[in-house]
Each structure stands twice: as C-alpha cells, then as structure tokens.
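Proteins come first, then strands; the chains are lettered A, B, ... in the order of their sequence lines, and each starts at number 1.
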Amino acid sequence: MKDDRINYISAVFGGKHLVICSTAHGICHIEMLPLSTDIAAYLSKLHGNAMPAVDPSLRDILSRILFYLKTGDDTGLSAIKLDVCGTQFQRNVWSEIMKIKRGQVISYGELARRIGNPTAARAVAGACASNPVPFIIPCHRVIRGNGQTGGYGLGPLMKRRLLKLEGAIR
DNA sequence: ATAACACCAAGAA
DNA sequence: TTCTTGGTGTTAT
C-alpha cells in the first residue's frame, strides 16, 4: 500500500480514545488508545511520515460506530468503505467474518472449514488478530469451539461486552 | 529456518 | 471439571 495521507477522527469511549483512521479510499484502521496518547503523533509514527489531521467528514462514521458500541445496533456498519491491506489468506478470513450476522457466533474451526482450510483454525485466529478494523469486520463474533469467547485484540472483556450487547451470549 | 500465535481434539486425573 | 500434550497454518524475524 502507498503511504497515502492518513486522516482521523476520535472520541472518548470506555475510558479510551476511539480512533478511526482513513485514507482517500476508505477506513484503514480503528484503534483504542489510552487517554494519555498523543493521537496525531502516534499515528504519524505508525503510518510513516506525514502528520495526520482531524477529518470532520468522518463524523458520521464515528457516530454510527459509537451508536453500535452503545446499543449493539450495527445497521450500516458493513457498508462503510474500507481501505485495508492484507494477505490473500487474511482477506479470505475477513470476508468470511463479514457474513456473520449480529447476534451470531461461529468458532475459529468452523470459519476455517468455511474458507476451505479445515485444519487452519489457529491460522484463522491469527488473521482475526490482524484485523485492522474491529467492529466493522466483526471478528469478535469468532469464538472458541468449546464455547469460551477466546482472545481479542481490544481485550477479552471488550469481546464479551460486544457479544452481550448483541445478545449472542449471557 | 524457526518461533510465535485470539485454536482444537483427545486423554489423564 | 481442569490440565497437559501433540497436532495444526500463517506470519514475521
């Protein structure tokens, strides 16, 4: 991917900065950062040279994601334009995750089967872990085969919180 | 090459 | 029930 200029918008949610980054082509990155983080400086270091700027045109997307985080209603999330880069395997996993509806869960092993790579459960977990856009690509809906919720980049507590919000779990 | 993983199934206690 | 153990595929070093 090119070092396209990155813009961002942020809001405070759950004691952290919810940060949404975009290129000219779509959302490329969502992250939760400690309140002490200098967001622009952090993103600059992460994405290369140019200093990112706040982009007010991301306001609608931000509020839609916040609405989802508060209510569990994910209407319109899957229609958000993305600009993510990944290996072919990761893209296969991510696009399969997009098919999981709100309130549903599947196991890493089942997802592996669905992409035609039935012994790759652990690799599927790796692809979930490298999902750059949590919530939009709902990797929190992929759980362990034994019913435990499993790991999550934003913390297992957040994963359970989302699944409860969606009514997928008690 | 190899080590690190958000896993899994089976088996022991 | 919890725990080990051996088996996996992909990715980054």
Asker: Could you work out which one of C/dT10, B/dA6, C/dT8 sits closest to the side chain of A/Phe89?
Answerer: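 When the side chain of A/Phe89 is considered, C/dT10 is the closest of C/dT10, B/dA6, C/dT8.
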Asker: For A/Met158 and B/dA6, what is the distance between atoms CE and C1' respectively, to the nearest whole Å?
Answerer: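 Taking atom C1' of B/dA6 as the reference, CE of A/Met158 is at 15 Å.
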Asker: Report all side-chain donor-acceptor pairs from residues 142-151 of chain A shorter than 3.5 Å, counting only partners two or more places apart or in another chain.
Answerer:
{"from": "A/Asn146", "atom 1": "OD1", "to": "A/Gln148", "atom 2": "N", "distance (Å)": "3.0"}
{"from": "A/Asn146", "atom 1": "ND2", "to": "A/Gln148", "atom 2": "OE1", "distance (Å)": "3.1"}

Asker: Under 4.0 Å, counting only non-hydrogen atoms across every strand here, what does A/Gly126 touch: a base, just sugar-phosphate, or nothing?
Answerer: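 No contact.
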Asker: Base, sugar-phosphate alone, or nothing: which one does A/Thr149 contact when heavy atoms must sit under 4.0 Å apart?
Answerer: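 Here A/Thr149 touches no strand at all.
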Asker: Would A/Ile27 and A/Ile97 show up in the same hydrophobic cluster when neighbours are defined by side-chain heavy atoms closer than 4.5 Å?
Answerer: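 Yes, one cluster joins them.
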Asker: Could you tell me the separation between the CD atom of A/Gln148 and the C1' atom of C/dT1, rounded to a whole number of Å?
Answerer: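 It is 12 Å, rounded to the nearest whole Å.
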Asker: By side chain to side chain contact (heavy atoms under 4.5 Å, CB included), which residues pair with A/Glu110, not counting sequence neighbours?
Answerer: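 Scan of A/Glu110 (side chain to side chain contact (heavy atoms under 4.5 Å, CB included), adjacent residues dropped) gives A/Ile106, A/Ser107, A/Arg113, A/Arg114.
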Asker: Stems involving DNA chain C: give each as a range paired with a range, ordered by first number, where a stem means at least three consecutive Watson-Crick or G-U wobble pairs under 3.5 Å.
Answerer: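 Consecutive-pair runs (3 or more) involving DNA chain C: B:1-5 with C:9-13, B:7-13 with C:1-7.
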Asker: Which part of the nucleic acid, if any, lies within reach of A/Asn146 when heavy atoms closer than 4.0 Å are counted: base, sugar-phosphate only, or nothing?
Answerer: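 Here A/Asn146 touches no strand at all.
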Asker: Would you mind classifying the nucleic acid contact of A/Ala123 as base, sugar-phosphate or nothing, using non-hydrogen atoms under 4.0 angstrom?
Answerer: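 Result for A/Ala123 = base.
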Asker: As a test of reading the structure: which of B/dA6, C/dT10, C/dT11 is closest to the side chain of A/Cys128, going by heavy atoms?
Answerer: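 Between B/dA6, C/dT10, C/dT11, the one nearest the side chain of A/Cys128 would be B/dA6.
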Asker: Please report the distance, rounded to the nearest Å, between CZ in A/Arg113 and P in C/dG9.
Answerer: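 It is 15 Å, rounded to the nearest whole Å.
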Asker: Donor-acceptor pairs under 3.5 Å, side chain of residues 8-22 of chain A to any protein atom, not counting sequence neighbours: which ones?
Answerer:
{"from": "A/His17", "atom 1": "ND1", "to": "A/Pro34", "atom 2": "O", "distance (Å)": "3.4"}

Asker: Take the protein atom CZ of A/Arg91 and the nucleotide atom P of C/dT11, then report the distance between them rounded to whole Å.
Answerer: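 In whole Å, C/dT11 P lies 12 Å from A/Arg91 CZ.
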Asker: If a pair satisfies side-chain hydrogen bond (donor to acceptor under 3.5 Å, both in side chains) and one of its residues is in residues 160-170 of chain A, list it, with sequence neighbours excluded.
Answerer: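 Pairs touching residues 160-170 of chain A that pass the test: A/Tyr68-A/Glu166, A/His140-A/Glu166, A/Arg141-A/Glu166.
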Asker: In whole Å, what is the span from the CG atom of A/Asn117 to the C1' atom of C/dT11?
Answerer: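 So the CG-C1' distance, A/Asn117 to C/dT11, works out to 14 Å.
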Asker: Between B/dC8, B/dA6, C/dG9, which nucleotide gets closest to the side-chain atoms of A/Cys139?
Answerer: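 My answer, after comparing the listed nucleotides, is B/dA6.
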Asker: Please, which pairs that meet side-chain hydrogen bond (donor to acceptor under 3.5 Å, both in side chains) have at least one residue in residues 120-138 of chain A, sequence neighbours excluded?
Answerer: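 Output for this query lists A/Gln90-A/Ser130.
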Asker: Side-chain contact test, heavy atoms from C-beta onward, threshold under 4.5 Å: evaluate it for A/Phe67 versus A/Thr75 and give yes or no.
Answerer: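 Answer no - side chains too far apart.
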Asker: Report the distance from atom CZ of A/Arg161 to atom P of B/dA6, rounded to the nearest whole Å.
Answerer: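 Rounding to the nearest Å, CZ of A/Arg161 and P of B/dA6 are 22 Å apart.
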Asker: If two hydrophobic side chains count as joined below 4.5 Å and joins carry through other members, does A/Ile169 share a cluster with A/Tyr108?
Answerer: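 Different clusters.
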Asker: Can you check the A/Leu111 CG to C/dT10 P distance for me, whole Å?
Answerer: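 To the nearest whole Å, that distance equals 13 Å.
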Asker: Taking atom C1' of B/dA6 as reference, at what distance in whole Å does atom CG of A/Leu162 sit?
Answerer: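 Spelled out: CG on A/Leu162 to C1' on B/dA6 is 14 Å.
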Asker: Does A/Arg122 put a side-chain nitrogen or oxygen below 4.0 Å from OP1 or OP2 of C/dT8?
Answerer: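 So the side chain of A/Arg122 is outside the cut-off, no N or O lying under 4.0 Å from OP1 or OP2 of C/dT8.
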Asker: Could you check whether A/Tyr108 gets within reach of a base, just the sugar-phosphate, or nothing at all, counting any heavy atom under 4.0 Å?
Answerer: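 Base, at least one base atom sits under 4.0 Å.
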Asker: Taking only side-chain N and O atoms of A/Asn92, does any of them lie within less than 4.0 angstrom of OP1 or OP2 on C/dT10?
Answerer: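 For C/dT10, OP1/OP2 do not have a side-chain N/O of A/Asn92 under 4.0 Å.
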